[in-house]
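So the structure is just underneath, and the comments pick up after that.
Counting starts at 1 for both ligands and their atoms, following the listed order.
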Amino acid sequence: MEVTEIAPDLYRISVFVPEINLQFNHFLVRDDEPLLFHTGLRRMFPLVEEGVRKVIDPAKLRWISFSHFESDECGALNQWLDRAPEAEPVCGLVGALVSVNDFSNKPAFYMGPGETFSTGRYRFRFIPTPHVPHGWDAGVLFEENGRTLLCSDLFHQWGDREPITHASIIDRAHETLMQMESGPFANYVPYTHRTGQILEGLAQLEPATLATMHGSSYVGDGARALRELSGVMQEVLGPHVAVAA
Ligand SMILES: [Fe+2]
Ligand SMILES: [Fe+2]
């Protein structure tokens, strides 16, 4: 487990699992009302908790958020709610009403498109991104002051990667997507008639940091990176017209 401050008050708690050559990254925002984005897997809780403890008292966590209902995103939600009595889950309306409010020991504070909440110095905007990366309930959080996009599985990269990079991550993300499509986890990311439009909406936020769940976070021209990702997803996953020989 490795903890790195990748932007002011934004800590990346990374757990690498060599057996599957994959990092799981959890993001902690240190503020008056601390926020954790991605709870981690249920069985990973002790490691992520140790990571949070290096930065703040875990009992002081106030917000627990994630993109979509999946074990690495929110599996340890109830363990965190036990650990931090003031904490509340935060997610989109669909996530709360379809899954989270049943699964969670505490009802979620849920948001509609573009709604915001503040943790003190930082302000988070919720953007629903249905089926991007996957899941009807998917959404992302955009931190407006530091221009950080907490973008979940987007830009997924295999391997034990450096915490941040200023070099483009699009080739790694492209390679990972191609590999996924040729193995048992094909169809990990669907491609819908709204995929391009959703990614363009995220690009227009002009993020300076892309905080990725699997692989390095990227610091640089986030708009360009998201438009490149849109091109890659269209190429790899988009509809293709069969050409007769
Ligand atoms: Fe996911
Ligand atoms: Fe994930």
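Note: angle at the Fe ion (ligand 1), from NE2 of His134 to NE2 of His68, is 90° (rounded to 10 degrees).
Atoms OG1 and CG, on Thr39 and Leu61 in that order, are 11.0 Å from each other to the nearest 0.5 Å.
Around the Fe ion (ligand 2), the protein contributes the following N, O or S atoms at distances under 2.8 Å: Asp72 OD2, Asp153 OD1, Met213 SD, His214 NE2.
A donor-acceptor contact under 3.5 angstrom links the side chains of Arg172 and Ser216, judged on distance only. A donor and an acceptor atom, one from each side chain of Arg227 and Gln204, are nowhere located under 3.5 Å apart.
Sorted by first then second residue, the salt bridge (Lys or Arg N to Asp or Glu O under 4.0 Å) pairs that include residues 76-85, not counting sequence neighbours, are Glu49-Arg83. Sequence neighbours left out, the pairs with a member in residues 138-148 that pass side-chain hydrogen bond (donor to acceptor under 3.5 Å, both in side chains) are Arg123-Glu144, Arg125-Glu144.
In terms of the side-chain contact (heavy atoms from CB on, under 4.5 Å) criterion, residue partners of Glu5 (sequence neighbours excluded) are, by chain and number, Asp9, Tyr11, Arg30.
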